[in-house]
Amino acid sequence: MKVLVYIEGPSDKAALEVLLAPLILKKQEEGIAIEFLILGTGDAKKSVLLKVPQKAANIILNDSTAIVIAMPDLYPKNKGFPHETKEALYAGIRHRFVQDLEKKGVSDDPHYSDRFKVFCFKHDFEVLILAAEAVLKNYLGVSSLPRTWRLPVEDQNHSKFPKSVVEEL
């Protein structure tokens, strides 16, 4: 069995592989391969929203054990198709997946749709770095940080994304 997780960028890939290393190893020992994938060049979010559903349909139809996951960031909103909430983002990606199945003459059967999952980060992956303030201070070698972000970090201002805050620090 394999689990293919499509994410937006190399920093997401590197962080998830390190963060989830024990789980990935455990699942590998159980015969389950977990792989994080990026769709090349261009607008990374649009690629996950618009191209992954089609790839997922192809993969799931050709491999009866494969699970495909789309894991975009919620923000910036309204890229690819209108969405301002995680529910709208989820619905838009699922709709494209169902359309891609139908183009192949396949109905939205649970055997297929249950193996395509959609999750999203409210913000970019760097929100986790801001949530670990003590670790961040240690990494930067400082005793204090000028807090320019909101707490809880999930409520960060939409015009100043966590990635921007981390880059400034």
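What you see is a predicted model; the values in this text were computed from it and never measured.
- Across all their heavy atoms, Ala66 and Ile60 have their closest contact at O-CG1, 4.1 Å.
- For the pair Leu101/Phe97, a side-chain contact is recorded, criterion being any heavy-atom separation below 4.5 Å from C-beta on.
- Note: the hydrophobic cluster containing Met1 does not contain Leu23 (ILVMFWY, side chain heavy atoms under 4.5 Å, direct or indirect links).
- Under the 4.5 Å side-chain criterion, counting only non-hydrogen atoms from C-beta, Tyr6 is in contact with Val68.
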List, one per line, each side-chain donor-acceptor pair under 3.5 Å for residues 133-140, sequence neighbours excluded.
residue, atom, partner, partner atom, Å
Glu133, OE1, Arg147, NH2, 2.6
Glu133, OE2, Arg147, NH2, 3.3

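- Distance NZ/Lys51 to CG/Asp100: 13.0 Å, rounded to 0.5 Å.
- Side-chain atoms of Val3 and Glu35, non-hydrogen and from C-beta on, never get closer than 4.5 Å to each other.
- Comment: Lys26 does not engage Glu29 in a salt bridge, judged by the lack of any side-chain N to carboxylate O separation of less than 4.0 angstrom.
- The two atoms that bring Lys77 and His83 nearest to each other are CB-O, 3.2 Å, heavy atoms only.
- In this structure the side chain of Pro72 reaches within 4.5 angstrom of the side chain of Ile93, judged on heavy atoms.
- Crowding of Glu102 atom CD: a count of heavy atoms from other residues, nucleotides or ligands under 6.0 Å exceeding 12.
- Contact between Leu39 and Val48 at its shortest, heavy atoms only, is CD1-N, 4.4 Å.
- Taking SG of Cys120 as the start and CG of Leu89 as the end, the distance is 5.0 Å to the nearest 0.5 Å.
- Cluster annotation: Val165 and Leu151 are assigned to the same hydrophobic cluster (Ile/Leu/Val/Met/Phe/Trp/Tyr, side-chain heavy-atom contacts under 4.5 Å, transitive).
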Derivation of the side chain to side chain contact (heavy atoms under 4.5 Å, CB included) call for Ile7 and Ile38: CA-CA 6 Å; Ile7 52 181; Ile38 304 164; 4.3 Å; yes
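- With hydrogens and angles ignored, the 3.5 Å screen pairs a side-chain donor or acceptor of Lys13 with a backbone N or O of Phe36.
- Ala57 and Lys104 make their closest contact through CB-CE, 4.3 Å (heavy atoms, listed as atom of the first residue, atom of the second, distance).
- Interatomic distance, Thr148 OG1 to Glu168 CD, rounded to the nearest 0.5 Å: 5.5 Å.
- Interatomic distance, CG of Asp73 versus CG of Asp12, reported as 6.0 Å (0.5 Å rounding).
- Phe81 and Val98 fall into different hydrophobic clusters, defined by Ile, Leu, Val, Met, Phe, Trp and Tyr side-chain heavy atoms under 4.5 Å apart, directly or through other members.
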Where do Leu61 and Val106 land on the side chain to side chain contact (heavy atoms under 4.5 Å, CB included) test, with the steps shown first? CA-CA 9 Å; Leu61 289 173; Val106 178; 3.9 Å; yes
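- Taking hydrophobic clusters as Ile, Leu, Val, Met, Phe, Trp and Tyr residues chained together by side-chain heavy-atom distances below 4.5 Å, Leu25 does not share a cluster with Leu4.
- Looking at every heavy atom in both residues, Arg115 comes nearest to Thr65 through NH1-N, 3.8 Å.
- Smallest separation of non-hydrogen atoms from Pro53 and Phe116: CA-CZ, 4.2 Å.
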Pair Asp43-Lys79, side chain to side chain contact (heavy atoms under 4.5 Å, CB included): steps then yes or no: CA-CA 9 Å; Asp43 186 314; Lys79 272 194 171 191; 2.7 Å; yes
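- Taking CE of Met71 as the start and CG of Leu37 as the end, the distance is 12.0 Å to the nearest 0.5 Å.
- Applying the 6.0 Å contact sphere to NZ of Lys45 captures more than 12 heavy atoms from other residues, nucleotides or ligands.
- Remark: Ser47 OG to Glu8 CD distance equals 9.0 Å, nearest 0.5 Å.
- With sequence neighbours excluded, the residues forming a salt bridge (Lys or Arg N to Asp or Glu O under 4.0 Å) with Asp63 are Lys2, listed by chain and number.
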Where do Val52 and Gln54 land on the side chain to side chain contact (heavy atoms under 4.5 Å, CB included) test, with the steps shown first? CA-CA 5 Å; Val52 169; Gln54 181 180 15; over 6 Å; no
